Protein chains: 2
Amino acid sequence: MSYANDMPTVEKVVRTDAGLAAELRLSVMRLRRRLANERHPDNELSINQMGVLGCLFRNGGALTIGELAASERVRPPSMTRTVNCLESSGDVVRRPHETDGRQVVVELSDRGRERVLADRDRRDAWLNQKLRDLTAEERAVLRKAAPILQDLAQKD
Amino acid sequence: MSYANDMPTVEKVVRTDAGLAAELRLSVMRLRRRLANERHPDNELSINQMGVLGCLFRNGGALTIGELAASERVRPPSMTRTVNCLESSGDVVRRPHETDGRQVVVELSDRGRERVLADRDRRDAWLNQKLRDLTAEERAVLRKAAPILQDLAQKD
DNA sequence: GGCATGTCGTTAGCATAACTCATTACCTGT
DNA sequence: ACAGGTAATGAGTTATGCTAACGACATGCC
């Protein structure tokens, strides 16, 4: 084992802005991959599907396809497919828009709402556990960082 | 447009630890998707492939498949495939491990090293631009957050 | 009213990137 | 010397995006 015994994979501290983008990108990429893997095994929905349910839940239970797509930053066809899955699993229902016949409103079903509630803590079990292992200061940093990351993703 | 005109998609402030996991997860998911889309168009390598090159670069230019896989948090077969791509594009070379015939050492070629160097700033153009738009304080938060996120991804 | 243009969702086809399972090659310890 | 473990790979599958094209509907202009 003569190669990279220490395996830093990330600098201990990012001191300058020069490397910040690169390190942030790596961190985000890897953590996302980890999160996708660590979903609870007794939950048959993917992390993306749960994301859509959560988005509906936070927004009062009903959004159009386009709004969902914009919110999750995917293209409408991708959201159509995700919604198809959620519909056939019975977690959402489609209904026509009240005034605009082109649009489709996606609504949380009772089952979907139940799932969000039941899953609310459990779905983040892994991450919550890891967060508990952090110091209060580290959690404070992340609490401040989350909205900034969100803004970065949303900008322009 | 009677549905969710405000479209919060993320709470303005994450005040309690209860929601931290959920918000962090959303932020990471969306920013990652954004990063994957915003890669520079004149770079024919994907964000993952560039990640592997960067990893090799930071670790002295040579790691085994297994080490690379562990570092990027993918399974060895996935890394084999990524390395195949990088090999056929001439950015890395495989060579046998000095003492262990089972392992394969992946090494940055001159071309790969060149690409990393040439790409170092450019490849993060989008993120760098967005980072410049932040306040110094916000950048400081992210600078502190990046290693924490990395640790979260790596833990256990 | 009627047509041109635009918007929304969907379908179809494709690309990427991950996974699992099985196989091959090699190492190591008894 | 052989058994069992480990590394890389091959094959097949799944998940998740995308673009292009299309149909249904809305809107604005005459």
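Throughout, a chain's letter reflects where its sequence line sits, starting with A, and its residues are numbered from 1. Not measured: the values here are computed from a predicted model.
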Take the protein atom [atom1] of [X] and the nucleotide atom [atom2] of [N], then report the distance between them rounded to whole Å.
X     : N      : atom1 : atom2 : value
A:L45 : D:dA15 : CG    : P     : 11 Å
A:M50 : D:dA15 : CE    : C1'   : 17 Å
B:L86 : D:dT9  : CG    : P     : 13 Å
B:L63 : D:dA7  : CG    : P     : 14 Å
B:L35 : D:dG17 : CG    : C1'   : 15 Å
A:H97 : C:dT10 : NE2   : P     : 14 Å
B:N84 : D:dT9  : CG    : P     : 7 Å
B:E67 : D:dA7  : CD    : P     : 10 Å

Considering residues at least two apart in sequence or located in another chain, which fulfil the side-chain hydrogen bond (donor to acceptor under 3.5 Å, both in side chains) criterion with [X]?
X     : result
A:R32 : none
A:Q49 : none
B:R73 : none

| query | Heavy-atom count around B:R75 CZ within 6.0 Å, excluding the residue itself: above 12? | reply |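 Check fails, neighbour count at 12 or below.
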| field | Check: B:L152 and A:L131 side chains under 4.5 Å, non-hydrogen atoms | value |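 When only atoms from C-beta onward are counted, B:L152 and A:L131 do touch, with a gap below 4.5 Å.
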| said: So A:L45 and A:L86, do their side chains get closer than 4.5 Å, heavy atoms only? | reply: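 A:L86 reaches A:L45 side chain to side chain.
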| Terminal helix-axis angle for the helix from C:dG1-D:dC30 to C:dT30-D:dA1, with five pairs defining each axis and rounding to 10 degrees |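 Computed from the C1' atoms at both ends, the axes differ by 20°.
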| Side-chain N,O (A:S46) to OP1/OP2 (D:dT16) below 4.0 Å |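 Indeed, a polar side-chain atom of A:S46 lies that close.
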| task | Could you name each residue pair satisfying side chain to side chain donor-acceptor pair (under 3.5 Å) that touches residues 82-92 of chain B, not counting sequence neighbours? | result |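 For residues 82-92 of chain B: B:N84-B:R94, B:E87-B:R94, B:S89-B:D91, B:D91-B:R115.
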| field | First encountered from the 5' end of DNA chain D, between B:M79 and A:Q49 | value |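 Residue closer to the 5' terminus by nearest nucleotide: B:M79.
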| Base versus backbone protein contacts along nucleotides 18-30 of chain C [heavy-atom cut-off under 4.0 Å; B, S, -] | BBBB----BS---
| message | Let's go through B:E107 and B:L56 carefully: what are the C-alpha distance in whole Å and the side-chain angles of both, what is the deciding distance for side chain to side chain contact (heavy atoms under 4.5 Å, CB included) to 0.1 Å, and is it a yes or a no? | response | CA-CA 7 Å; B:E107 197 166 20; B:L56 286 171; over 6 Å; no
| Residues B:D100 and B:Q103: side-chain donor-acceptor under 3.5 angstrom |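 Present: a donor and an acceptor within the cut-off.
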